[in-house]
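Counting from 1, the numbers follow the sequence of the chain as shown. These figures come from a predicted structure and were not determined experimentally.
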Amino acid sequence: MGIAVVESIVNERKKNGDFKSFTDFCERMSNDAVNKRCIESLIKAGAFDEFGDTRATLLASFERILDTINNSNKKSYQGQVTMFDLGGQDENLNEIKYNFTILPELGEKELLSMEKEMLGIYITGHPLDKIREKIEKVTNINTLKMLEFREELENSGASTMDGKQVKYAGIISSVKKKYTKRNTVMAFITVEDLYGSTEVIVFDSCYSKCSDLLLIDNIVLVDGRISLKEDEDVKIVANNIMDFNSYANNMSNNIGKSNNLNIDIIKKSNNMVINITNMNEETKAKLRGAIRFFSGDKNNFLVKVKNGEQILPCGGIYLNKEIFEQFKEIVGEENIIIE
């Protein structure tokens, strides 16, 4: 809006008292530099929420109201009597003066998006508030922890977290694409969680798998590694990026099937399916080693691996609760289904 506009509004409020309604504001500021674009920005930011009209109503009505005020002012300057002048102190005068298009309020997502667009921050809530618990269950890092890693690096000159595998969730707030020397596409995206934001580097190999998800306002789960360098903010180098809700729902379903592994389940089941679709090579190597180690004469479970839509047999193992815990530690509970 500009400092001059803000100062003009504040000075009017100090001189003549608080604004009583949206139309009161428009009438009192009609002779100043508060144009239609300023009014629209104030509506989107929620500045008029306290007056009771929905933002949808004001966005649909403000131009017509401002035109009515401007036309009335022109007639006054020309010495003409308007119907407003004849209205006296009628309490229903505003209803006669102004034609509001009454609309129900916009959805929460759209309201928050407008606040972010106007102010750079969310005011009345956060898009991630409703899924906070899900985020905490499936991630192992957030921006607060990243600040701790940054401080550790500054204080000691090193950090044990550099290169560590992490899962980070948030809402995409910016996407910058770049062509590599091989003429492939990579991206630098900013992902915001409940505490702040971080840059995620998406190299071409990862970009080719998840480019359709890299849209502003999408909520994603980033599987990657921490990048800690002196004089730079903490970054994440992505191995894979997934739609958060799909991942969280899939994890919830898988846990429901496999979490309570007991002797009855072992007797009734004989298949363990492990999803390796988004798994890095280091984890795959550990998985192969575990399958070989727990394979023997007493095998009671067949192991299958799921890669995308393809499911392939991968040998047999002896499985009990203790061994199951080791597999969970290697591949993550969300990637195991007992059938």
Side-chain angles (χ1 to χ4, degrees), residues 1-130 171-174 192 215-219:
M1 287 176 56
I3 294 176
V5 175
V6 174
E7 288 180 343
S8 175
I9 294 171
V10 172
N11 288 336
E12 168 61 26
R13 187 175 61 198
K14 288 180 177 178
K15 182 178 179 182
N16 296 311
D18 291 348
F19 298 105
K20 300 297 189 296
S21 64
F22 174 73
T23 52
D24 180 45
F25 176 90
C26 294
E27 288 172 349
R28 287 164 60 179
M29 301 307 303
S30 62
N31 295 321
D32 288 278
V34 184
N35 57 28
K36 287 183 179 179
R37 182 166 187 135
C38 292
I39 296 288
E40 182 180 16
S41 297
L42 286 168
I43 294 170
K44 287 182 174 181
F48 300 113
D49 285 2
E50 65 181 286
F51 296 137
D53 296 303
T54 66
R55 292 186 211 178
T57 294
L58 296 183
L59 286 171
S61 309
F62 78 95
E63 290 188 274
R64 185 165 56 250
I65 290 170
L66 291 175
D67 289 341
T68 301
I69 291 171
N70 290 333
N71 290 337
S72 174
N73 288 340
K74 286 179 183 178
K75 290 181 180 179
S76 296
Y77 293 147
Q78 295 168 1
Q80 298 181 32
V81 177
T82 70
M83 71 177 207
F84 306 149
D85 298 320
L86 300 175
Q89 300 299 316
D90 189 346
E91 292 180 359
N92 296 320
L93 184 57
N94 278 341
E95 295 179 15
I96 300 172
K97 277 187 184 182
Y98 306 116
N99 182 17
F100 282 86
T101 300
I102 306 299
L103 295 174
E105 190 54 284
L106 301 167
E108 182 184 33
K109 183 177 180 180
E110 193 169 357
L111 290 175
L112 293 175
S113 179
M114 288 193 304
E115 290 175 5
K116 187 67 182 290
E117 177 191 358
M118 293 297 108
L119 304 166
I121 57 174
Y122 300 108
I123 296 295
T124 56
H126 196 286
L128 304 180
D129 278 334
K130 292 182 178 179
I171 184 169
I172 297 177
S173 58
S174 75
E192 178 180 338
L215 302 172
I216 291 176
D217 289 340
N218 265 5
I219 300 174

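Not one N or O on the side chain of S113 forms a donor-acceptor pair closer than 3.5 Å with the backbone of K109. Side-chain N or O atoms of T101 include none that pairs as donor or acceptor with a backbone N or O of T57 at under 3.5 Å. A donor-acceptor contact shorter than 3.5 Å links the side chain of T68 to the backbone of R64.
Counting non-hydrogen atoms of neighbouring residues, nucleotides and ligands closer than 6.0 angstrom, the CD1 atom of I102 exceeds 12 such neighbours. Environment of NZ in K20: crowded, with over 12 heavy atoms of neighbouring residues, nucleotides or ligands closer than 6.0 Å.
Atom CD1 of I123 is separated from atom CG of L111 by 12.5 Å, given to the nearest 0.5 angstrom. Put simply, CD on E63 and OG on S61 are 10.0 Å apart, with the number rounded to the nearest 0.5 Å. Atom CG of residue L42 and atom CE of residue M118 lie 10.0 Å apart, to the nearest 0.5 angstrom. Expressed to the nearest 0.5 Å, how far OH of Y122 lies from CD1 of I171 amounts to 4.0 Å. Residue R55 holds its CZ atom at 6.5 Å from CD of E105, rounded to the nearest 0.5 Å. L112 contributes atom CG, which lies 12.0 Å from atom CD1 of I121 (distance to the nearest 0.5 angstrom).
For the residue pair R13 and R28, the shortest heavy atom distance occurs at CA-NH2, 4.2 Å. The nearest pair of heavy atoms linking S30 to I69 is CB-CG2, 3.7 Å. Of all the heavy atoms in A56 and P104, the pair that sits closest is CB-O, 3.3 Å. Between S21 and D24, the shortest heavy-atom contact is OG-N, 3.1 Å.
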Practice item. In sequence, state the C-alpha distance, the side-chain angles, and the governing distance for L58 and F51, and then conclude on side-chain contact (heavy atoms from CB on, under 4.5 Å). Key: CA-CA 11 Å; L58 296 183; F51 296 137; over 6 Å; no
Exercise for review: Any chance you could lay out the side-chain contact (heavy atoms from CB on, under 4.5 Å) test for L59 and M114, step after step, and finish with the verdict?
Suggested key: CA-CA 12 Å; L59 286 171; M114 288 193 304; 4.1 Å; yes
Exercise for review: Carefully, step by step, assess T54 and L106 under the rule side-chain contact (heavy atoms from CB on, under 4.5 Å).
Suggested key: CA-CA 8 Å; T54 66; L106 301 167; over 6 Å; no
Practice item. Tell me, with the steps shown, if F22 and F62 meet side-chain contact (heavy atoms from CB on, under 4.5 Å). Key: CA-CA 9 Å; F22 174 73; F62 78 95; 3.7 Å; yes
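If you run side chain to side chain contact (heavy atoms under 4.5 Å, CB included) between E12 and each of I9, V10, N16, only N16 comes through.
Looking at K36 and E40, no side-chain N of the basic residue comes within less than 4.0 Å of a carboxylate O on the acidic one, giving no salt bridge.
Proximity of K116 to S173: side-chain heavy atoms (C-beta onward) are separated by under 4.5 Å at one or more points. With a 4.5 Å cut-off on side-chain heavy atoms, Y98 and E27 count as touching.
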